[in-house]
Amino acid sequence: MPGPATKSFTSDHALRDDGSVTFACSQNDALWPWSTLDSHHPGAIQALSYWVGVESAMALGRWDPDKWSALTWTRWRCGEPGVGRFATGTYRNTVIEGREGFSVELFDAAGAPICWLDGRGVIFRTRDFESWRKEAKDAGGAAPSSRFAYADRAQLALDEGEKPFLAPLVGGTASGLLDHANAMPPNHPWLDGSGDHVNSAHLAEIARQFVALLRGGKRFAVEAAEMQFDRYVELGAPFEISRVSGDEGETIRMILRQSGRDCTRIEYRIRPA
């Protein structure tokens, strides 16, 4: 998104001879409530990916605040369980499957690796966003979250204060709805975002709740993930998330659709918590 940020998650950027940049992570719980979650929580990893990516690109002189951009693909894998909170990291520009991208390594205060993250994005130069997204935006408003029939909190494996995003399963599919009342501060304890659309951290949490539904509320940890973002998911408009074929062992593959269109593909590799 264009425009200057009013806060920074990373600091103390240092450029290295290999073209990468190291940084320190903020320890301010009030500014970054998701950073107090378990460091392997998918929502926390997706939340930090935006700030680390933008702020590191700025440190490298590769960020243009006047152009719209969007994350189109990401994948990450976690280190060993039991690590501390995000403390430091390294960002580098990379080529992934023949296309320009970025890679991030994150560590706790003791230097233990937390996760490795890759991503790719796109810069929009001529896109008419309002016309392009009008149909999807117009689908919202009919069923605000206050009147949506969400699944039981225990089935979604929610912690105190967290908000349900999904209805009960029907076969291998659950409908859902996010709006400002349940997915944005101060109404959600740790999720944040642009407020313009459903952000990648929201999508990571939707997928986590969906897997919880599939497991009958049993707790689990996400060891690795891959997410492909094909279309914006709009706030205030209902959507569906479904399990797709091709699961192998503890790998869960999902697709999120809104207004009849495929929007996001998500794959989680999980283990019991």
Side-chain angles (χ1 to χ4, degrees), residues 1-26 32 34-35 39-79 83 85-109 111-127 129 192-194 197 199-204 222-232 264-267 269:
M1 295 299 174
T6 57
K7 57 183 181 179
S8 297
F9 177 65
T10 62
S11 62
D12 301 330
H13 301 93
L15 303 183
R16 303 200 302 191
D17 291 342
D18 64 358
S20 63
V21 57
T22 61
F23 55 85
C25 300
S26 173
W32 312 103
W34 46 260
S35 70
S39 295
H40 291 163
H41 192 294
I45 293 174
Q46 281 305 128
L48 73 83
S49 70
Y50 169 80
W51 297 98
V52 167
V54 170
E55 293 165 10
S56 298
M58 290 174 65
L60 289 169
R62 293 173 59 93
W63 181 257
D64 186 342
D66 296 323
K67 291 186 172 63
W68 289 81
S69 65
L71 184 69
T72 58
W73 170 87
T74 188
R75 68 183 176 196
W76 46 263
R77 60 184 175 88
C78 295
V83 292
R85 66 187 294 169
F86 307 109
T88 63
T90 302
Y91 170 101
R92 56 177 48 85
N93 294 306
T94 52
V95 176
I96 303 169
E97 298 172 353
R99 288 178 282 180
E100 289 188 5
F102 63 89
S103 296
V104 179
E105 299 173 87
L106 290 149
F107 306 91
D108 69 10
I114 295 174
C115 70
W116 296 264
L117 181 147
D118 299 318
R120 289 194 298 263
V122 63
I123 295 175
F124 301 115
R125 293 178 173 82
T126 60
R127 177 77 75 177
F129 278 91
D192 201 342
S194 65
H197 60 279
N199 295 107
S200 68
H202 293 107
L203 292 164
V222 180
E223 295 184 317
E226 183 170 355
M227 304 176 74
Q228 175 74 39
F229 310 99
D230 295 321
R231 296 186 67 89
Y232 278 94
T264 309
R265 297 180 184 273
I266 305 169
E267 179 180 303
R269 190 174 75 236

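Remark: side-chain polar atoms of N199 are not paired, donor with acceptor, to backbone N or O of A201 under 3.5 angstrom.
Side-chain contact, R85 with S35: a donor N or O sits under 3.5 Å from an acceptor N or O.
When every heavy atom of D12 is checked against every heavy atom of A24, the shortest pair comes out as OD2-CB, 3.9 Å.
The aromatic rings of F9 and W32 sit perpendicular to each other, their planes meeting at more than 60°, with 30° as the lower class boundary.
The closest side-chain heavy-atom distance from Q46 to T74 is below 4.5 Å. Taking 4.5 Å as the limit, every side-chain heavy atom of L71 sits out of range of all side-chain heavy atoms of M227. Counting heavy atoms from C-beta on, the side chains of S200 and Y50 never come closer than 4.5 Å. I114 has its side chain within reach of H40: a pair of non-hydrogen atoms, C-beta onward, lies under 4.5 Å apart. Within the 4.5 Å cutoff, side-chain heavy atoms of R16 are placed close to those of R92.
Heavy atoms of other residues, nucleotides or ligands lying less than 6.0 angstrom from CZ of R120 number more than 12.
Annotation: the span from D230 atom CG to T72 atom OG1 amounts to 8.5 Å, rounded to 0.5 Å.
Aromatic pair F102/Y91: ring centres closer than 6.0 Å.
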**Study point:** Trace of the side-chain contact (heavy atoms from CB on, under 4.5 Å) decision for L48 with W34
**Key:** CA-CA 9 Å; L48 73 83; W34 46 260; 3.5 Å; yes

